[in-house]
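We use all heavy atoms of the structure for the numbers below, so side chains are in, but hydrogens, waters and symmetry mates are not. Order of listing sets the numbers, starting from 1, for every ligand and every atom in it. Start at 1 with the first residue, then count along the sequence.
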Amino acid sequence: MTGVDNAEEEKGRVLVVDDEQVIREILCDFLTMEGFTVHSVEDGESALKELERRQYHLVLSDLKMPGMGGLELLDRIQKTIKNVLVVIMTGFGTVETAIESMKKGAYDYILKPFKIEDVVHVVERGLERQRLQTENIKLKEALSIYRVSEAITHSIKLETILELILDAVLAEGQADVATLLLKDPSSGLFIEQHRRVAAAAENATVGLLDTNLLLLEVGRGVPILAHGLKALRFFSEPPPDKRLVSFCSIPLKVQDRVIGILNAYSYTNGHRFTEGQRKMFAVLASRAAASIENAQLYEDLVDRNSDLEKANRSLAENFRATIIGFAHALEESDKYTRGHSERVAFYSSLCAAGLTLPAAEVERIVQAGLMHDIGKIGIRYEKLNKPGKLSPEEVAMFRTHPAKGKRILEPIPSMQELIAGAWCHHENWDGSGYPRGLMGDNIPLLGRVVAIADTYDAMTSDRAYRKALPHDVAVAELERCAGAQFDPELVPVFLNKLDEHREKMIAEGEDIPR
Ligand SMILES: [Fe+2]
């Protein structure tokens, strides 16, 4: 049964308009037998009413009828009804009348008395044309959706995607105005975010939508397709300057939540949105919803990344504070070494500034300077701060601090990159240092830089066993030991930067070590 119905639908709907009952009956019988769905009326007015009630593909109308004639009916149909073909039948068949009806837009004409096969042939040919036209429209719609989809996949910017979607509503849905309302997450209100207006409808006032009523309908997932006065009930303030012909409203849903509403307006006489166009709007609305959701997910991701970056920054700051805390704790017990690690860090930063290094590497050198003597936590430090020479045992104990520093830092993943500073700052360029006797470039840069900074500060600070040496003496000692104890290329780099620093201090009236 369903199959028969579908077959009838596929063959097409025909409206016969003729004042002669016998003609109506003959045409109805024969065309129904051919598989068409046929209705008949006896005059033009009834035909127009029937065409407004139901959709027909083809009207077969007599030319001469009481009241409205066939040509007038043709004219009225063309003004108000879309997508229907009109075939004129005339018993007064002259070429002139036929030409006139064709000029006015009739699809074809049939001369009375007709042969039924001719009528069937004309109707079939007309319906085939209608079918091809519909397919063409569907193809165009599919193409438009395809184009929008393509554009969406090539665009990450939400604004661009939404505008593409509204443009497609105008171009392919032949809407005059398209708007997109999005739910404001804080207030929960639906606010118009985007609007596109066709050139022909420029300055159109769209009125104010009754979003509560819209949501009642579309919130249940039911799209709205309404025409004329029926459409106006969805407005709290109807458009004042234009007569709304057709209105379509589709929810943008993400899972069960309505996150927005897509609206299409037609002010063009005779252009009501069709069911097919409504379906196309629904596809576009679902694209819009998916894009908005993706964009929101993307924004969430960006937010989360920025939270993570903040957490990382705060970890790094904590880390730095911890290093300084360690260094201070180490030095507090001894007046001779108080401030030593911070000064070594500063002198290391001077040397690093003279090299072309990334900022992160400079920072690493500064932190390594702060941490270089962390291994002294593990030795009997107070025993070493005494006037006079250290015994061989005391020297041996002192020399364990680089390796102890390595062992202290080793288990802490975030401190791995500082190990070289603590472990290698007593290695000498010529291989005579400790703990491993590394030579030249085999000594990590951190170790080579900290060694120079450490020695300069040790020489220019008071010690339990001697007073601070003058700057010039310390410089001469560094220069003398360049290539033996120290990296010969790093010594002049450090001394240049140190000179610059001291000149700046003098210019600013600051005290500098002699
Ligand atoms: Fe040391």
- Query: Which is the closest N/O/S atom of D373 when seen from the Fe ion (ligand 1)?
  - Reply: OD1
- Message: Determine whether a donor-acceptor pair (N or O, by modelled atom type, separation under 3.5 Å) exists between the side chain of D176 and the backbone of V197.
- Response: no
- Note on the structure: When I261, V258, L182 are each screened for side chain to side chain contact (heavy atoms under 4.5 Å, CB included) with L252, the one that passes is L182
- Message: Run F494 and F486 through ring-ring contact (aromatic ring centres under 6.0 Å, His included) and show every step you take.
- Response: CA-CA 11 Å; F494 170 65; F486 308 115; 9.4 Å; no
- For H426, what is the atom name of its N, O or S atom nearest to the Fe ion (ligand 1)? NE2
- Query: Any N/O/S of H401 under 2.8 Å from the Fe ion (ligand 1)?
  - Reply: yes
- Message: With a 3.5 Å distance limit and no angle check, can you tell me whether N428 reaches the backbone of D430 through a side-chain donor-acceptor pair?
- Response: no
